[in-house]
Amino acid sequence: MSFAAAVRSVLTQYVGFSGRARRSEYWWFALFSLLVSIVTSILDTALGTNFEDSTNGVIGLLVSLALLLPSLAVAVRRLHDTDRSGWWILIGLIPIIGWIVLLVFYVQNGTPGSNRFGPDPKGVAGFGSAV
């Protein structure tokens with residue numbers, strides 16, 4: 001999945017928590033979010049819209065709020081691809097250990113074939129699908 005296709009996929013499923021997301025979809029959207037964050041930080045600094053004693057500003061806050069739900073949705077779909085409930089995302093509330101556990105889940109291969117959350121987003125292996 002390309003960068004543009006991944007971003008388009010996540011944003012068209014803005015609050016779609018059901019189904020599965022490939023690793024490429026998740027990580028391309030994570031990169032997109034990081035790049036948008038850098039751009040909004042630069043804009044906030046250039047326009048003087050930063051909050052006092054902070055690098056965060058009004059534009060960054062609004063964009064972060066706009067990307068919050070699609071970020072959560074793609075993270076849950078990524079967990080679904082590894083055949084885990086989306087509730088596992090709450091382990092991220094545990095500092096450091098929770099983040100490491102989530103990172104391990106996000107980098108793992110998805111379960112091949114269908115699982116309880118839907119069909120394999122890569123397609124059926126052995127039938128001309130991209131693996």
Side-chain angles (χ1 to χ4, degrees):
M1 178 173 280
S2 70
F3 178 80
V7 172
R8 190 177 320 109
S9 173
V10 172
L11 292 178
T12 56
Q13 299 178 61
Y14 194 82
V15 289
F17 288 86
S18 62
R20 296 168 63 175
R22 296 173 66 172
R23 279 185 296 187
S24 59
E25 181 179 359
Y26 176 80
W27 289 110
W28 281 127
F29 190 74
L31 176 63
F32 170 75
S33 296
L34 175 67
L35 295 175
V36 167
S37 173
I38 292 169
V39 169
T40 59
S41 179
I42 292 169
L43 284 174
D44 278 327
T45 302
L47 298 175
T49 56
N50 285 348
F51 298 122
E52 287 184 32
D53 300 327
S54 175
T55 58
N56 299 324
V58 175
I59 298 170
L61 176 66
L62 293 174
V63 170
S64 294
L65 287 173
L67 292 179
L68 176 65
L69 287 176
S71 297
L72 284 173
V74 75
V76 166
R77 290 194 313 270
R78 181 71 203 121
L79 289 169
H80 287 175
D81 193 39
T82 61
D83 205 19
R84 290 180 177 84
S85 168
W87 289 106
W88 273 102
I89 201 165
L90 295 178
I91 201 168
L93 295 174
I94 301 170
I96 301 170
I97 300 297
W99 306 332
I100 292 170
V101 169
L102 280 177
L103 180 63
V104 168
F105 290 166
Y106 293 149
V107 299
Q108 287 180 341
N109 254 335
T111 54
S114 294
N115 68 16
R116 60 189 168 136
F117 299 104
D120 189 346
K122 290 183 180 179
V124 179
F127 291 101
S129 65
V131 178

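Treat the numbers as computed from the prediction; the structure is a model and nothing was measured.
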- Message: If you compare all heavy atoms of A75 against all heavy atoms of I89, which two are closest, and at what distance to 0.1 Å?
- Response: CB-CD1, 3.6 Å
- Message: More than 12 heavy atoms of other residues, nucleotides or ligands under 6.0 Å from CH2 of W88: yes or no?
- Response: no
- Closest heavy-atom contact between M1 and W28? O-NE1, 3.0 Å
- What closest approach, in Å, do F105 and R84 show between heavy atoms, and which atom pair accounts for it? CE2-NE, 3.1 Å
- First locate atom CG of L62, then atom CD1 of I59, and finally report the distance between them rounded to the nearest 0.5 Å. 8.0 Å
- Task: Verify, without hydrogens or angle tests, whether D83 (side chain) and T111 (backbone) share a donor-acceptor contact under 3.5 angstrom.
- Result: no
- Message: Taking N50's backbone N and O only, do any of them form a donor-acceptor pair with D44's side chain (distance below 3.5 Å, no angle check)?
- Response: no
- Task: Would you please test L79 and W87 for side-chain contact (heavy atoms from CB on, under 4.5 Å) and show each step?
- Result: CA-CA 9 Å; L79 289 169; W87 289 106; over 6 Å; no
- Task: Quick one: closest heavy-atom pair of N109 and T82, and the distance?
- Result: O-CG2, 3.9 Å
- Message: Using 0.5 Å steps for rounding, measure from the CD1 atom of I38 to the CG atom of L43.
- Response: 12.0 Å
- Would V58 and F51 satisfy side-chain contact (heavy atoms from CB on, under 4.5 Å), going step by step from the backbone distance to the final call? CA-CA 7 Å; V58 175; F51 298 122; 4.0 Å; yes
- Query: In the single-linkage hydrophobic clustering (I, L, V, M, F, W, Y; side-chain heavy atoms under 4.5 Å), do L68 and V10 co-cluster?
  - Reply: yes
- Query: Just checking, is any N or O donor in the side chain of S9 or E25 under 3.5 Å from an acceptor N or O on the other one?
  - Reply: yes
- Task: Measure across A6 and S24 and return the closest heavy-atom pair with its distance rounded to 0.1 Å.
- Result: CB-O, 4.2 Å
- Query: Are more than 12 heavy atoms from other residues, nucleotides or ligands located less than 6.0 Å from atom CD1 of I96?
  - Reply: no
- Separation of L34 CG from L31 CG (nearest 0.5 Å): 6.5 Å
- Shared hydrophobic cluster, W99 / V101 (ILVMFWY, side-chain heavy atoms < 4.5 Å): no
- Please answer whether the main-chain N or O of S33 pairs with a side-chain N or O of S37 as donor and acceptor at a distance below 3.5 Å. no
- Hey, any chance I100 and I94 share a hydrophobic cluster, counting ILVMFWY side chains that come within less than 4.5 Å of each other, even indirectly? no
- Using a strict cut-off of less than 4.0 Å between a Lys/Arg side-chain nitrogen and an Asp/Glu carboxylate oxygen, indicate whether D81 and R22 qualify as a salt bridge. no
- Query: Any chain of hydrophobic side-chain contacts (each under 4.5 Å) joining F32 to L61?
  - Reply: no
- Message: To the nearest 0.5 Å, what is the distance between CG on L93 and CG on L102?
- Response: 9.0 Å
- CZ of R77 to CZ of F29: how many Å apart, nearest 0.5 Å? 9.0 Å
- Item | Gap between atom CG of L67 and atom CG of L11 - 0.5 Å precision | 7.0 Å
- Task: Keeping the roles fixed (side chain from N115, backbone from H80), state whether a donor-acceptor pair exists under 3.5 Å.
- Result: yes
- Item | P121 backbone acceptor or donor facing R20 side chain under 3.5 Å | no
- Among the clusters formed by ILVMFWY side chains lying less than 4.5 Å apart, do V15 and V76 turn up in the same one? yes
